[in-house]
There are 2 protein chains.
Amino acid sequence: MNLDVDTSMPSTASATAVAKPRGRPRKTLEEREDGNRKGDLIAAAAKLFRQKGFDATSTRDIAAAVGMRSGSPFYHFKSKGDLLYAVMAEGMRSAIEKQQLTLKNANISLSNSEQTKQEARRLLHVLIRHHFEVMLGAGSDFIPVMLYEWRSLTPRQRTTMAKMQRDYEAVWLPVLEALFASGQLKCPVKLARLLIFGALNWSVQWFDAKKEASLDDLTEAAMALFIKD
Amino acid sequence: MNLDVDTSMPSTASATAVAKPRGRPRKTLEEREDGNRKGDLIAAAAKLFRQKGFDATSTRDIAAAVGMRSGSPFYHFKSKGDLLYAVMAEGMRSAIEKQQLTLKNANISLSNSEQTKQEARRLLHVLIRHHFEVMLGAGSDFIPVMLYEWRSLTPRQRTTMAKMQRDYEAVWLPVLEALFASGQLKCPVKLARLLIFGALNWSVQWFDAKKEASLDDLTEAAMALFIKD
DNA sequence: CCTACCGATCGGTAGG
DNA sequence: CCTACCGATCGGTAGG
């Protein structure tokens, strides 16, 4: 999983292939493969922001979580707010990427033959299942932070995040419209979208991977709740 | 609306009815009817906690909002956390009270004749409409704070709030069970409850009283989304 | 309820 | 990326 938000960091192998092993200071096993210390910070921040909230998490907490001193996160990020934004942007980038992959694997065929009724239903199932995975799957702190810490973004950051959210939801809308057209969804698409995402997003508040139902169970329940026939 | 959380404040008229007008310092129009300065603090805290979040709101903000000096809120509340708890507890107390009244006015008749199918549906409609009112109606900051600031409660406070929430939801469960039994709800009641509350509670994030649909529209949409037939 | 105050913590920076 | 540090702010308290 690539955690870098921008690609401005120099890649290890540069253009001219020089054979001579440069005098790069040797690293211990724990220390090597840095160069994405930035990514470590983002991951640690995501975990802490989710646990305690943005305002209650200090940059010192985050630094300590990756073994840095209190001032060092500011070598990688201009401000605490920029770190929050990096968490959210990386979360959405990754979620959109995974969603595209999931759809590819599901072998989409919407707007095809007359089977579109079954097909739209199957697609929603895939989308919901993926959404649960992104929110509740192993090591998914990014999207919960994105969902619940909007308040701390600047107006400009909000605009960008809103754009990414539109990208994420872009693939849902035609599915909902097809379901509405075929009578499997009785609620106007615009409000249906908001209510359905609410039902799903709220699961972050109560889902317990150790006890409650599985993500498959959740998906079945959601389908049964929203879809007619 | 009574905002006092405990009734420990002395009432104005005491046991022995003395005719003589006591030398109570005269108050201007703005100042009179205090004695619930405590209530003022709770209302101001609710508004600010909702706007900026608990951690980002200072006790000085709250004090200033009611025209007090920075140290004065601590005359009324032991700590900032106690003030948060007072907001939530008052919110739930009021919501439960209003819910009972709403149900009384709706003239319940569940588990009556064979009309229970229509009746269960109508009851859910009433409950949903009331829930939207409590979350999104004029001056309702208490429940949104309760929904989104759990993290800042102590374990003991959480237990009490969970108990109040159970009271609030107690009346929903038989309705959902009746709907499930009659085939109007296809989703297992336990998960249905969580998903439905999620869909409703999330509206706090996007509802705009000035633009979007009315609370009635929301209620119709939710019913159409959840209920079969 | 105000005045005056305290210790702790926080985001962030200079300079290496 | 560390050291050393700063100004600001915060929750809370004593004493009236």
Side-chain angles (χ1 to χ4, degrees), chain A residues 4 8-10 24-28 30-45 48-49 51-87 149 151-154 157, chain B residues 4 8-10 24-28 30-45 48-49 51-87 149 151-154 157:
Chain A
D4 277 331
S8 63
M9 303 210 66
R24 194 213 282 143
R26 216 73 53 77
K27 310 270 173 113
T28 70
E30 281 82 15
E31 283 169 2
R32 70 159 169 192
E33 197 186 303
D34 58 18
N36 74 345
R37 294 297 279 156
K38 200 167 174 173
D40 294 344
L41 279 171
I42 295 178
L48 287 165
F49 288 161
Q51 264 178 33
K52 320 204 294 175
F54 174 75
D55 290 308
T57 302
S58 72
T59 53
R60 283 163 171 82
D61 292 337
I62 298 165
V66 299
M68 285 180 185
R69 300 307 184 119
S70 68
S72 302
F74 297 97
Y75 168 75
H76 297 280
F77 294 93
K78 280 214 324 271
S79 68
K80 187 188 175 188
D82 277 15
L83 186 42
L84 173 66
Y85 176 73
V87 168
E149 300 290 346
R151 202 160 30 192
S152 300
L153 293 178
T154 67
Q157 291 171 333
Chain B
D4 276 333
S8 63
M9 304 210 64
R24 194 215 282 144
R26 215 73 54 76
K27 310 272 174 120
T28 71
E30 282 82 14
E31 284 167 0
R32 72 157 167 195
E33 197 187 304
D34 57 18
N36 76 344
R37 292 298 277 157
K38 201 167 174 173
D40 294 344
L41 279 170
I42 294 178
L48 287 166
F49 288 161
Q51 264 178 34
K52 321 204 295 174
F54 174 74
D55 291 308
T57 302
S58 71
T59 53
R60 282 161 170 84
D61 291 337
I62 300 164
V66 299
M68 286 180 184
R69 300 307 184 119
S70 68
S72 300
F74 297 97
Y75 169 75
H76 297 281
F77 294 93
K78 278 214 326 271
S79 69
K80 189 188 173 188
D82 277 15
L83 185 44
L84 174 65
Y85 177 73
V87 168
E149 301 289 346
R151 202 161 30 194
S152 301
L153 294 178
T154 67
Q157 290 171 332

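Chain A is the first sequence line, chain B the second, and so forth, proteins listed ahead of strands; every chain is numbered from 1.
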Does B:Asp55 pair with B:Arg151 as a salt bridge, N-O distance under 4.0 Å? no
Short side-chain N/O contact to C:dG11 OP1/OP2 from A:Thr59, under 4.0 Å: yes
Rounded to the nearest Å, what distance is computed from the CZ atom of residue A:Phe74 to the P atom of nucleotide C:dG12? 5 Å
Taking all heavy atoms of B:Asp82 and all of B:Gln157, pick out the closest pair and write down the distance. OD1-NE2, 3.8 Å
Nearest-angstrom distance from the residue atom NZ of A:Lys80 to P of C:dT13: 15 Å
Starting from C1' on D:dC1, measure out to CZ on A:Phe77 and report it in whole angstrom. 14 Å
How many whole angstroms separate atom NZ of A:Lys78 from atom P of C:dA14? 14 Å
Would you kindly give the CG-to-P distance between B:Asp55 and D:dT9, to the nearest whole Å? 18 Å
Say whether, by atom type as modelled, one donor and one acceptor occur between the side chain of B:Arg69 and the main chain of B:Arg60 under 3.5 angstrom. no
Rounded at 0.5 Å granularity, tell me how far CG in B:Asp40 sits from CD1 in B:Ile62. 13.0 Å
Measure the distance from CG on A:Asp61 to P on C:dG12 and round it to the nearest whole Å. 14 Å
If you take all heavy atoms of A:Pro73 and A:Ala63, which pair is closest and at what distance? CG-CB, 3.6 Å
Minimal heavy-atom distance between A:Ala86 and A:Phe77, with the atoms involved, is CB-CE2, 3.7 Å
Nearest heavy-atom contact between B:Ala56 and B:Asp61 is O-OD2, 4.1 Å
Paired and unpaired positions of DNA chain C as dot-bracket, Watson-Crick or G-U wobble under 3.5 Å, | denoting a partner strand: ||||||||||||||||
What heavy-atom pair brings A:Gly53 and A:Glu149 nearest, and what distance separates the two atoms? CA-OE2, 3.4 Å
What does the list of N/O pairs under 3.5 Å between the protein and nucleotides 2-5 of chain C look like, with a distance for each?
| from | atom 1 | to | atom 2 | distance (Å) |
| --- | --- | --- | --- | --- |
| C:dC2 | OP2 | B:Arg69 | N | 2.9 |
| C:dC2 | OP2 | B:Ser72 | OG | 2.3 |
| C:dT3 | OP2 | B:Arg69 | NE | 3.4 |
| C:dT3 | OP2 | B:Arg69 | NH1 | 3.2 |

Separation of atom CG in B:Leu84 from atom C1' in D:dG11, rounded to whole Å: 14 Å
Is there a donor-acceptor contact under 3.5 Å from the side chain of A:Ser72 to the main chain of A:Met68? no
Atom-pair distance (NE2 on B:His76; C1' on D:dG11), nearest Å: 17 Å
